[in-house]
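Input: a single structure, listed below in structure tokens.
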Amino acid sequence: PKAFVSIHHNGGLDAPALGHIGSEIYHQVADAEARRLGGLVYESLERELGALGVAWTRSSRAGVRARTNSEGTDFYGVLRRSAGVPAVLIEGAYLSSDSEAALLATDRVRDAEARAVRQVVVDRRRGDEVDDVRAATAGAAPNIGRGRTGCGLGIDAFASPIAAHA
């Protein structure tokens with residue numbers, strides 16, 4: 001495979017109060033292609049949601065980053081276990097944020113999110129990647145938010161919600 005993409009929506013009881021809102025993309029620690037893939041997905045999400053006029057909120061944690069465990073390897077098992085294939089884990093929005101949960105309750109926002117990811121995956125498969133990754137890939141932040149886990153509404157790349165937009 002050329003890439004592995006795992007899509008989730010994050011959550012946490014204290015997340016909104018701590019300002020943890022917005023999209024977060026995690027890439028493999030030691031893979032420059034995974035970092036690039038994460039940047040492309042992040043930019044595509046910005047573009048698709050922005051076109052809808054969605055108030056796409058951001059926090060200081062939003063963006064593209066790596067997260068390490070105590071051994072210095074990838075925190076997330078899905079990223080560790082996909083070594084050799086550029087992989088990203090997408091936390092598209094926070095379900096525990098009332099405003100983001102309301103957005104995700106609409107077909108137009110879920111469809112825009114699916115289109116954003118699909119476009120990057122399809123472009124990557126065709127070799128049509130865009131060279132403009134800009135600030136989305138600025139600096140990885142290791143060891144962020146230990147103990148916080150996402151609400152796994154996991155859909156791996158090429159699964160039905162993305163393929164439905166093919």
Side-chain angles (χ1 to χ4, degrees), residues 3-29 31 34-52 54-70 73-82 86-121 133 135-162 165:
F4 180 81
V5 176
S6 185
I7 304 168
H8 304 262
H9 294 109
N10 219 339
L13 296 177
D14 59 353
L18 296 173
H20 299 171
I21 53 179
S23 297
E24 300 169 340
I25 315 291
Y26 294 95
H27 63 82
Q28 293 158 313
V29 172
D31 191 319
R35 182 179 174 149
R36 177 176 174 70
L37 177 62
L40 292 168
V41 169
Y42 191 80
E43 285 190 340
S44 189
L45 282 170
E46 275 188 310
R47 193 170 37 256
E48 285 291 334
L49 294 175
L52 294 177
V54 170
W56 192 57
T57 55
R58 292 184 176 185
S59 71
S60 60
R61 296 170 53 104
V64 182
R65 66 189 75 227
R67 182 175 178 192
T68 58
N69 59 23
S70 60
T73 62
D74 289 300
F75 180 86
Y76 297 106
V78 70
L79 299 180
R80 273 193 319 276
R81 293 181 190 112
S82 55
V88 295
L89 185 149
I90 301 166
E91 296 286 5
Y94 271 85
L95 293 172
S96 53
S97 162
D98 291 342
S99 61
E100 291 192 6
L103 289 173
L104 286 170
T106 67
D107 288 340
R108 70 186 192 114
V109 170
R110 288 191 312 271
D111 287 348
E113 183 181 28
R115 274 192 313 273
V117 176
R118 178 194 173 275
Q119 190 59 57
V120 173
V121 170
V133 179
T137 57
N143 299 316
I144 58 171
R146 279 204 197 282
R148 182 185 55 78
T149 59
C151 296
L153 301 179
I155 303 164
D156 296 327
F158 311 111
S160 57
I162 292 173
H165 291 82

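Closest approach of S23 and G92 over heavy atoms only: OG-O, 2.5 Å. The shortest non-hydrogen separation linking A34 to A87 is CB-O, 3.4 Å. Shown here for V121 and V5, the closest heavy-atom pair between the two residues is CG2-CG2, 4.0 Å. In terms of heavy-atom proximity, L37 sits nearest to P86 at CD2-O, 4.1 Å. When all heavy atoms of L52 and R108 are compared, the closest pair comes out as O-NH1, 3.2 Å. Taking all atoms of both residues into account, the shortest heavy-atom contact from I25 to V41 is CD1-CG1, 3.9 Å.
For A116, the side-chain contact (heavy atoms from CB on, under 4.5 Å) test picks out S44, L45, E48, with sequence neighbours left out. Every residue two or more places apart in sequence or in another chain that forms a side-chain hydrogen bond (donor to acceptor under 3.5 Å, both in side chains) with T73 is listed here: N69. By the side-chain contact (heavy atoms from CB on, under 4.5 Å) test, R81 is found to be paired with no residue, residues two or more places apart in sequence or in another chain being considered.
Of the inter-residue distances, the one linking R110 atom CZ with L103 atom CG reads 11.0 Å to the nearest 0.5 angstrom. Distance CD1/I90 to OH/Y42: 12.5 Å, rounded to 0.5 Å.
For the pair L104 and E113, the minimum side-chain heavy-atom distance is below 4.5 Å. Using a 4.5 Å cut-off on side-chain heavy atoms (C-beta onward), R65 and Y26 make contact.
Without hydrogens or angle criteria, N10 side chain to Y94 main chain gives no donor-acceptor distance under 3.5 Å.
Residue Y76 forms a side-chain hydrogen bond (donor to acceptor under 3.5 Å, both in side chains) with just one option from R67, H8, Q28, and that option is R67.
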